[in-house]
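Shown next, in structure tokens, is the structure this report addresses.
Just so we're clear, the structure is a prediction, and the values are computed from it rather than from any experiment.
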Amino acid sequence: MNIMMLLEMAASAYPDRTAFYDPIEDESTTYGQLLDDARSRSQMLRESGASRCVLLDTSNLSIPIALFSSSWAGIPYVPINYRLTDDEIDALLERLQPAYLITDDKLAAKYVGRRELQVVRRNDFRAATPVNPNDDFHWSMEPSEVSVLLFTSGTTGVPKAAVMRQRHLVSYILSSVEFMSSGEDESTLVSVPPYHIAGIGAILSSVYSGRRVVQMAQFDAQEWLRLAKEQNVTTAFVVPTMLARIVNAMDEQESTQLPHLQSIAYGGGKMPRRVVERALERFPNTEFTNAYGLTETSSTVTVLGPREHRAAMDSADSDIRRRLASAGVPLPGIELDIRDSRGRSLPDGSHGEIYVRGDQVSGEYEGRGSLLDENGWFCTRDAGYIENGYLFLEGRSDDVIVRGGENLSPGEIEDVLLEHESVDDAAVVGVPSEEWGEAVAAVLVVNQSVAVSDLQQWVREQMRSSRVPESIEFWKELPYNETGKLLRRVIRNQLLKASD
């Protein structure tokens with residue numbers, strides 16, 4: 001198994017079909033050309049002697065070439081977060097040497113001349129020609145060969161390099177995407193960064209289905225709408241914060257119409273139900289899919305599909321309607337389990353840690369080995385519960401608030417706050433308390449004036465009193481990272497700083 005076989009199949013089936021389009025450079029490449037480029041660049045990578053192909057750049061046509069040529073050459077592809085500080089990038093590069101680094105002109109000058117680092121500018125990488133055009137080297141089909149290394153965010157320590165082997169990525173694509181399922185006129189707008197697992201998944205799934213990819217280097221809601229209309233985009237993937245901003249931008253532009261947009265998938269973080277409801281209203285003819293997954297699971301493991309979205313939206317049953325806030329049901333071949341802090345399985349409806357098992361699940365980190373248990377289960381460190389087969393997310397398990405010995409889920413309290421008509425976004429964190437050890441604090445984004453006491457009473461009426469926030473602050477917006485993860489530690493630190 002090798003992801004190169006996905007590209008080979010695509011290039012054989014539709015060699016002249018446009019594969020990727022860069023709107024900034026107004027350049028594109030076909031599937032046939034992408035296969036040829038992957039072949040020639042794989043020769044360059046092998047001749048470089050590098051052990052990794054590192055990419056430090058925004059989305060452009062070099063990205064798919066680098067991904068596939070790395071797999072052809074048999075070395076890991078490692079996209080790095082270009083938003084990191086210079087010191088953080090230097091630390092990662094030190095760990096990856098000897099490396100072949102592809103980057104833009106500005107950054108290239110910073111790294112040229114470093115020991116065990118061969119630097120090439122993105123345009124030079126694309127324009128290079130092979131030394132030996134008759135090179136007949138073929139890629140390995142060894143399923144355990146490492147395909148991609150992705151660094152975690154490192155918010156709680158030194159970033160870990162998650163390992164995705166060829167079998168994990170190929171298993172994910174074969175189980176979730178139908179070959180040649182897209183028509184020649186179908187295109188997807190990809191606005192997630194290339195160093196995110198969703199960016200990797202978007203490349204592989206689009207190639208296998210034969211869909212044209214419109215690359216967006218930097219997300220902007222107005223530009224997203226412009227590109228979607230100009231390029232007749234039929235499908236797109238966004239993180240929750242992106243979708244919220246797109247809907248807000250549409251509210252500002254009443255004339256915005258996207259008749260070609262057939263589907264939108266979203267994921268990467270918890271999606272407020274109100275945002276989904278507004279999106280469904282704004283895009284009445286568009287199908288919505290919520291995809292939950294992790295880097296360590298090679299992307300999506302659960303899906304809330306279009307039918308479930310519309311059924312929940314149209315239902316008067318509160319239990320069915322609340323499924324809009326769920327992450328859906330497992331993909332074929334994926335198993336889920338909810339466990340307590342001792343690793344014991346919990347019954348349906350119980351709150352605990354989410355465990356996942358399946359062929360696409362890696363659960364491995366470079367230098368640390370596999371974290372799968374003896375039965376192949378991976379602990380996601382995400383908290384949640386399963387109700388009638390639907391998975392509900394509650395944030396990270398280490399975000400649990402321990403108040404007087406009782407474990408409280410921030411996500412559960414946030415869900416209740418978000419049901420209030422005045423609340424657009426909510427974050428709940430634990431803050432130090434002399435009496436209870438930790439107290440519940442909430443930070444809200446509201447759409448109209450509302451009294452703190454009214455919000456506290458709202459929570460009290462629906463939950464036990466121990467879950468009522470002792471303090472509530474109103475902010476203009478909550479902090480999220482670029483992939484839609486709520487930065488609870490930033491919120492907690494800011495609250496603690498204000499109380500000093």
Legend entry - Residue pair Gln33 / Thr30, side-chain donor-acceptor N/O under 3.5 Å: no
For [X], which residues count as a side-chain contact (heavy atoms from CB on, under 4.5 Å) partner, sequence neighbours excluded?
X: Ser181; answer: Glu178, Ser209
X: Asp16; answer: none
X: Arg126; answer: Glu27, Leu61, Ser62, Ile65

Inset, instruction - Output yes when Arg274 and Glu277 qualify as a salt bridge under the 4.0 Å nitrogen-oxygen rule, no when they do not. - result: no
Legend entry - Sidechain N-carboxylate O distance under 4.0 Å for Glu366, Arg52: yes
Sequence-distant partners of [X], side chain to side chain donor-acceptor pair (under 3.5 Å), two or more places apart:
X: Arg17; result: none
X: Ser191; result: none
X: Ser206; result: none
X: Arg323; result: none

Inset, instruction - Name all pairs fulfilling the ring-ring contact (aromatic ring centres under 6.0 Å, His included) condition that reach into residues 55-80, sequence neighbours left out, sorted by first residue then second. - result: Trp72-Trp139
Legend entry - Qualifying residues under salt bridge (Lys or Arg N to Asp or Glu O under 4.0 Å), relative to Arg396, sequence neighbours excluded: Asp382
Legend entry - Which residues share a salt bridge (Lys or Arg N to Asp or Glu O under 4.0 Å) with Glu142, sequence neighbours left out: none
Legend entry - All ring-ring contact (aromatic ring centres under 6.0 Å, His included) counterparts of Phe392, not counting sequence neighbours: Tyr385
Inset, instruction - Scan residues 97-110 for pairs that pass side-chain hydrogen bond (donor to acceptor under 3.5 Å, both in side chains), counting only residues two or more places apart or in two chains. - result: Asp86-Lys110
